[in-house]
Chemist: 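Mind looking over this structure? Questions follow.
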Amino acid sequence: MTKIIDGKALAAKIRQELAEEIGALSARYESKPGLAVIQVGADPASSIYVRNKKRACEEAGIVSFGYDLPAEVSQSELLELIETLNNDERVNGILCQLPVPDHIDEFTILSAIDPAKDVDGFHPVNVGLLSIGHDCLVSCTPAGVLEMMHAYDLPIEGQRCVVIGRSNIVGKPVAQLMLKEHATVTIAHSRTKNLPALCREADILIAAIGRAGFVTTDFVKPGATVIDVGINRNEEGKVVGDVAFDEVSKVAGAITPVPGGVGPMTIAMLLKNTVKAWRKANGIIE
Ligand code: GUN
């Protein structure tokens with residue numbers, strides 16, 4: 001029987017636990033965690049993500065500070081805002097929703113965020129710490145993937161893991177996490193030769209490509225764990241993953257659906273990272 005990994009339910013449980021933790025600790029320490037969310041421009045998809053992030057914060061007892069900047073804002077104005085937030089004690093996490101407009105250099109912006117407040121885990125310091133297997137703020141989607149696999153007792157140690165996709169946000173950090181958990185990891189991408197054959201060797205297949213239904217049964221070893229990070233719209237406008245769920249779910253041992261799989265976990269991990277940053281800033285170790 002294929003296990004369907006319910007990210008929605010797991011994320012709801014984590015958010016509930018975080019709300020309880022925040023409620024107890026904030027009363028005792030007279031402090032509340034705070035997250036600043038910056039959006040530059042009005043990309044409709046980004047607006048939905050940002051709204052969901054702010055709402056999830058408020059539900060968990062995290063104070064959210066929203067900054068909606070016009071698409072024409074200059075890079076130096078954005079850097080000034082980040083500097084102000086870096087120095088604001090009420091703010092424990094800073095997130096700049098990506099993508100930013102072309103006249104703004106993403107690397108410059110991400111590097112300006114205090115690494116201790118980098119709840120997206122995109123700052124080069126956190127990326128470097130992850131790559132040497134050190135404790136750090138880890139990018140939320142990869143952290144969500146790991147959390148799901150642990151919650152469902154899916155084996156990682158000694159398993160062969162193929163990650164399709166080499167983005168800085170998902171592909172590379174999820175590969176680092178799997179390596180840290182003692183998987184044997186291969187990162188595949190658009191120029192990989194014989195991709196289906198390579199993927200068929202995987203005990204854990206992680207799809208983060210951004211192409212609707214790209215992973216079909218001929219990519220999947222029977223019984224493999226299949227994690228679908230994709231969020232795409234198909235021709236009918238329906239939200240679908242990178243994996244052809246209907247057919248692949250018949251051969252996989254465990255699989256994440258889209259929607260309701262990895263997506264909800266990303267926000268839960270953002271809240272978790274914010275609480276982690278808040279605890280550290282306030283010396284809360286209990
Ligand atoms: N754009 C797409 N995914 C993400 C994410 O996880 N964080 C931010 N800041 N922007 C994104």
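The analysis underlying the following values was restricted to heavy atoms, covering all of them including side chains, and did not include hydrogens, waters or symmetry mates. Just follow the structure's listing: the first ligand is 1, and inside any ligand the first atom is 1.
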Chemist: With N194, which residues qualify under side-chain hydrogen bond (donor to acceptor under 3.5 Å, both in side chains), at least two apart?
Modeler: none

Chemist: R15: what forms a side-chain hydrogen bond (donor to acceptor under 3.5 Å, both in side chains) with it, not counting sequence neighbours?
Modeler: E59

Chemist: With respect to I94, which candidate in I38, D120, D88, D118 satisfies the side-chain contact (heavy atoms from CB on, under 4.5 Å) definition?
Modeler: I38

Chemist: When you look for protein heavy atoms under 4.0 Å from ligand 1, which residues do they belong to?
Modeler: K53, L95, C96, Q97, L98, D120, F122

Chemist: Measure the CG-CD1 distance between D228 and I206 for me, rounded to the nearest 0.5 Å.
Modeler: 11.0 Å

Chemist: When rounded to the nearest 0.5 angstrom, what is the spacing between CZ in F245 and OG1 in T256?
Modeler: 8.0 Å

Chemist: Listed by chain and number, what are the salt bridge (Lys or Arg N to Asp or Glu O under 4.0 Å) partners of E17, not counting sequence neighbours?
Modeler: K13

